[in-house]
Amino acid sequence: MISNKQLRMAKFGYIILSSLLCALGITLIAVPNFSISLLCWIGGILLILFGCVKIVGYVSKDLYRLAFQFDLAFGILLISLGIILILRTDAMIHIICSLLGIYILADALLKIQISIDAKSFGIHQWWIILGAAVITSIVGFLLLLRPSESAAAVMVLLGISILAEGILNLITVLTVVKIFQRKNPLEIDAEN
């Protein structure tokens, strides 16, 4: 039962934090002159929380072991990046797009692998994860290239990247994380 609690907590945390990523992405798209230092603080907090949720997801006993299979290392990485983003905001302002671009691209590429594994498990929605992961990886790659030097354009691209990452995480956790109710042995005896 403990692993079911951990799995529920990880799934719920993924859904909440992915929704917050979507909201942050939409905010950056709508307000391209958003404060970079405030973005570093908000981003740092979200990265730390997401890192914690990823680690909880990794140690939970997910039925397919797909959604959280890479999350121990990614969780530690996100917590580290979040702490650095908060403690070294002044230095991070210049490289935030590159760091988030690398993370988004790497996560999207791993989700492509998850979609292929999901197909072999017989999960019919594997192609939704694959499509979202391909789009997210392209946007993450564009964020690394930064095709424009305009601060507003870069902020909109960052917003699109964060929004795509949030949607990709939502799709992944909703399609491959399954929580099954286990019956207490006493309840099974009472039914017989």
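By convention here, the first residue in the shown sequence is residue 1. Computed over heavy atoms, backbone and side chain alike; hydrogens, waters and symmetry mates excluded. Just so you know, these numbers come straight off a predicted model, no measurement behind them.
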Chemist: Quick one: does Ile112's side chain get under 4.5 Å of Ile116's, heavy atoms only?
Modeler: yes
Chemist: Any idea which heavy atoms bring Gly166 and Cys22 closest together, and the distance?
Modeler: C-SG, 3.7 Å
Chemist: Is the closest side-chain heavy-atom distance between Ile79 and Ile55 below 4.5 Å?
Modeler: yes
Chemist: Is any side-chain heavy atom of Cys97 closer than 4.5 Å to one of Val154?
Modeler: yes
Chemist: Quick one, Ser60 with Arg8, criterion side chain to side chain donor-acceptor pair (under 3.5 Å). Give me CA distance, side-chain angles, the key distance, then yes/no.
Modeler: CA-CA 9 Å; Ser60 69; Arg8 284 183 202 285; over 6 Å; no
Chemist: The test is side chain to side chain contact (heavy atoms under 4.5 Å, CB included); show your working for Leu38 and Ile42 and say whether it passes.
Modeler: CA-CA 6 Å; Leu38 182 58; Ile42 293 170; 3.8 Å; yes
Chemist: Rounded to the nearest 0.5 Å, what separates atom CG in Leu130 from atom CG in Leu168?
Modeler: 10.5 Å
Chemist: Could you measure the distance from the OG1 atom of Thr89 to the CD1 atom of Ile84? Nearest 0.5 Å is fine.
Modeler: 11.5 Å
Chemist: Is there a continuous path of hydrophobic side-chain contacts, each under 4.5 Å between heavy atoms, that joins Met155 to Trp41?
Modeler: yes
Chemist: Does a side-chain heavy-atom distance below 4.5 Å link Leu100 with Ser161?
Modeler: no
Chemist: Would you say Phe34 has more than 12 foreign heavy atoms packed within less than 6.0 Å of its CZ?
Modeler: yes
Chemist: Just verifying a value: how many Å separate Asp107 CG and Ile104 CD1, rounded to the nearest 0.5 Å?
Modeler: 8.5 Å
Chemist: For the hydrophobic clusters of this structure (ILVMFWY residues joined by side-chain heavy atoms under 4.5 Å, transitively), does one cluster hold both Met9 and Val59?
Modeler: no
Chemist: Is there a side chain to side chain contact (heavy atoms under 4.5 Å, CB included) between Leu158 and Leu39 once you walk through the steps?
Modeler: CA-CA 11 Å; Leu158 179 61; Leu39 175 62; 3.5 Å; yes
Chemist: Could you tell me whether a side-chain N or O of Lys11 sits under 3.5 Å from a main-chain N or O of Val177, the two making a donor and an acceptor?
Modeler: yes
Chemist: Can you tell me how far the CD1 atom of Ile86 sits from the SG atom of Cys40, to the nearest 0.5 Å?
Modeler: 9.5 Å
Chemist: How many angstroms lie between CZ in Phe74 and CZ in Phe50, if you round to the nearest 0.5 Å?
Modeler: 11.0 Å
Chemist: Does any N or O in the side chain of Thr136 come within less than 3.5 Å of the main-chain N or O of Ala133, such that one atom is a donor and the other an acceptor?
Modeler: no
Chemist: Going hydrophobic residue to hydrophobic residue with side-chain gaps under 4.5 angstrom, can you get from Val53 over to Leu81?
Modeler: yes
Chemist: Taking the side chain as C-beta and beyond, is there a heavy-atom pair between Leu143 and Val139 under 4.5 Å?
Modeler: no
Chemist: Can you find a heavy atom in the side chain of Phe121 that is under 4.5 Å from one in the side chain of Trp126?
Modeler: no
Chemist: Return yes if some donor-acceptor pair links the side-chain N/O of Ser120 with the main-chain N/O of Asp117 below 3.5 Å, else return no.
Modeler: yes
Chemist: When you compare the side chain of Lys111 with that of Ile171, does any pair of heavy atoms fall below 4.5 Å?
Modeler: no
Chemist: How far does CD1 of Ile16 sit from CG of Leu21, to the nearest 0.5 angstrom?
Modeler: 12.0 Å
Chemist: Below 4.5 Å, heavy atoms only, C-beta onward: do Ile15 and Leu170 meet side chain to side chain?
Modeler: yes
Chemist: According to a 4.5 Å side-chain heavy-atom criterion applied to Ile, Leu, Val, Met, Phe, Trp and Tyr, with indirect links allowed, do Leu28 and Val31 form part of one hydrophobic cluster?
Modeler: no
Chemist: If Ile, Leu, Val, Met, Phe, Trp and Tyr residues are connected whenever their side-chain heavy atoms lie under 4.5 Å apart, and connections chain through other members, are Val56 and Leu47 in the same group?
Modeler: no
Chemist: Using every non-hydrogen atom in the two residues, find where Tyr58 and Phe68 come nearest and quote the distance to one decimal.
Modeler: CD1-O, 3.3 Å
Chemist: What is the minimum heavy-atom distance between Gly75 and Lys54, and which atoms define it?
Modeler: CA-CB, 3.9 Å
